[in-house]
Every structure is written in C-alpha cells, then in structure tokens.
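Numbering of residues begins at 1 and proceeds along the displayed sequence.
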Amino acid sequence: MTLQQEIVGNAMQMAVVNLQPGQTVYCEAGKFLFKTTNVTMETRLSGPSGGGQQQGGGGGMGGVLRQAMGTAMQAGQRMLAGESLAFQYFTSQGGEGTVGFAGVLPGEMRALELDGTRAWFAEKDAFVAAESTVEFGIAFQGGRTGRSGGEGFVLEKFTGRGTVIIAGAGNFIDLDPADFGGRVEVDTGCVVAFEEGIRYGVQRIGGLNRQGMMNAVFGGEGLSLATLEGSGRVILQSLTIESLANALRKAQGGDKQGPTGGLFSTHAG
C-alpha cells in the first residue's frame, strides 16, 4: 500500500501524510506535529527492523527474551549514535486519517521510495518518518573514514519497501557522481542522503605543505572533505549545521572565530 503524502511549505517544510484504514507510519520522537482524532499514537523503543510487531510474540519465554534483547540492542545502537531512543507509531482506525511531521531545522524535506533493491543512507538526524514496511537501522562508518570525517561516522540506513521521509537544512540539490566523472568532493556537513552503491569516504584537504595548511586554517573547511564516488542518487543541502550555529553565535555576540574560520573556529559543546 503506497503511502499518500504531500510535502508543503517553503522555508520550513512539513509532510502531511494521509493514512488508509489500518495503515501505520512511524517517526523519530520529536518530529510529530499533528494528527486527526482517529489516528492512534504509540511510543516504542523498538523499530520495525526488530523487536516490534512484525516478529510476533511466538516462541514462549525464549521468544520474549529474544524480542527484549533485540529491542535493547536497537536502543543501545541509537543511543551510541546520538539518535532518539524512541519511535512514535501512528495507525489510522475506522477510516482515513491524517498525520503531520517536520524536521528540526529550516529547510527542505524529501520523500524517498524504496523498492527493496537498494538501501538508502542518510546523515544523522535526517530521518523524519516512514511506512512500517521500511526498516530503520544505524550504519557505523568504521575505520579511518569515520574517525576523520566527523559527521560521517554515523549514518542512518533504510531498507525494505515503501516511503521514507527525510529532512535537511537550506535547499536540496540532487546529483549523480557519474555525471561528474564518477566522483564529487563536498563539505562533510552538506551530505544529506545517498543510495546504496555510492562509495562514501573522507579525504584530507591538500598535503602537509603551505597551501594545505592555508586551506585548513583559513578556508573554513577544516582538514577534511567528504568524497562520493560511483553511480547513484545523492542529495546535498545548502546549509550546514555548523554554519548555522556559527551565524547564531555571531548574532548573539559570541562569535570568537574571527575572519579565518577553519581550525580557528570555536564550537560550543
């Protein structure tokens, strides 16, 4: 059953979802806006990929223990990733219902359609809502890439079939690295989401020479850029959380980075 949804608004978009009787959609805690009275709301620690209603209650005590362990592992993964511990599930009862969702930053939203052949990966906090047939998971970008990339260490992973709604900051641009020689390099905070098959990495800006240090210290990008290689859909955002935070600090008189940016930037927390 296809999820009927409409993304409305401009500077701060929202998704209005129309649910058929018995249809369920879930969101990350804090992304819900409104619902009609015939839509039930239930908060759970488990996502659709395990420990939820899809697994059922069979298997006696062993099944209960497996379900509890699956839920605990899911919640633990999300806690380590800095994600919300809970999901909210919305189901329409006795007729069609409507639910509204939104992201947490001024910007765009996008509905992605999964057909079961390719997963989608998204940056942390991009997830807004999805059909119950879409599985939400955490992908840890291990090794050297994750440690050097900052934002690239933790990714949200969506598999299965159905609609998933994501949000980002500023405006979106869709591109395919194959149209640009097979590789693009972007600010690590600009990546919103990409299809499975895209190779995501992080590279150092320049070498340990004069120009490399100039890029890192005065260029405003720090030491690293994200790299996206291969063929597939990539979604980038025009506003990074870091630049938004810097603008807010400057407006409040707390900007201490001066004109240089880069390694001279100071970040609260």
Report summary line: In short, ring pair (Phe, Tyr, Trp, His ring centres under 6.0 Å) pairs touching residues 12-31 with sequence neighbours left out are Y26-F87, Y26-Y89, Y26-F127
Residues 94-109, side-chain donor-acceptor partners within the protein, below 3.5 Å, at least two apart:
residue, atom, partner, partner atom, Å
T98, OG1, N18, OD1, 3.1
E108, OE2, N171, ND2, 3.4
E108, OE2, F172, N, 3.0

Query raised in the report: Between the main-chain N or O of G170 and the side-chain N or O of Q237, is there a donor-acceptor pair closer than 3.5 Å?
Result: no
Query raised in the report: Does E131 use its side chain to pair, donor to acceptor, with the backbone of T163 at less than 3.5 Å?
Result: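 Yes: the side chain of E131 pairs with the backbone of T163.
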For [X], check salt bridge (charged side-chain N to carboxylate O under 4.0 Å, His left out) against everything at least two apart and list the hits.
X	answer
E196	none
R161	none
R199	none

Quick one: side-chain contact (heavy atoms from CB on, under 4.5 Å) partners of [X], sequence neighbours excluded?
X	answer
T240	D187, C190, E242, S243
A122	A126, E156, F158, A193
A178	D176, S231

Report summary line: Sorted by chain and number, sequence neighbours left out, side-chain hydrogen bond (donor to acceptor under 3.5 Å, both in side chains) with Q4 holds for none
Query raised in the report: By side-chain hydrogen bond (donor to acceptor under 3.5 Å, both in side chains), which residues pair with T227, not counting sequence neighbours?
Result: none
Query raised in the report: Closest approach of L114 and G160, non-hydrogen atoms and distance?
Result: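 Minimum heavy-atom separation between L114 and G160: CB-O, 3.4 Å.
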Query raised in the report: Would a 4.5 Å heavy-atom cut-off, applied to side chains only, mark L236 and V191 as touching?
Result: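 Heavy-atom side-chain distance check passes, below 4.5 Å.
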Report task. List the steps and the verdict of side-chain contact (heavy atoms from CB on, under 4.5 Å) for V134 and W120. Result -> CA-CA 11 Å; V134 174; W120 270 88; over 6 Å; no
Query raised in the report: Can you tell which of V17, N38, V25 makes a side-chain contact (heavy atoms from CB on, under 4.5 Å) with S92?
Result: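 Option passing the side-chain contact (heavy atoms from CB on, under 4.5 Å) with S92: N38.
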Report task. Would you mind listing the cluster partners of M12? Hydrophobic ones only (ILVMFWY), side-chain contacts under 4.5 Å, chaining allowed. Result -> none
Requested in this report: Kindly state each residue pair satisfying salt bridge (charged side-chain N to carboxylate O under 4.0 Å, His left out) with at least one member in residues 226-239, sequence neighbours excluded.
Outcome: D174-R233, R183-E229
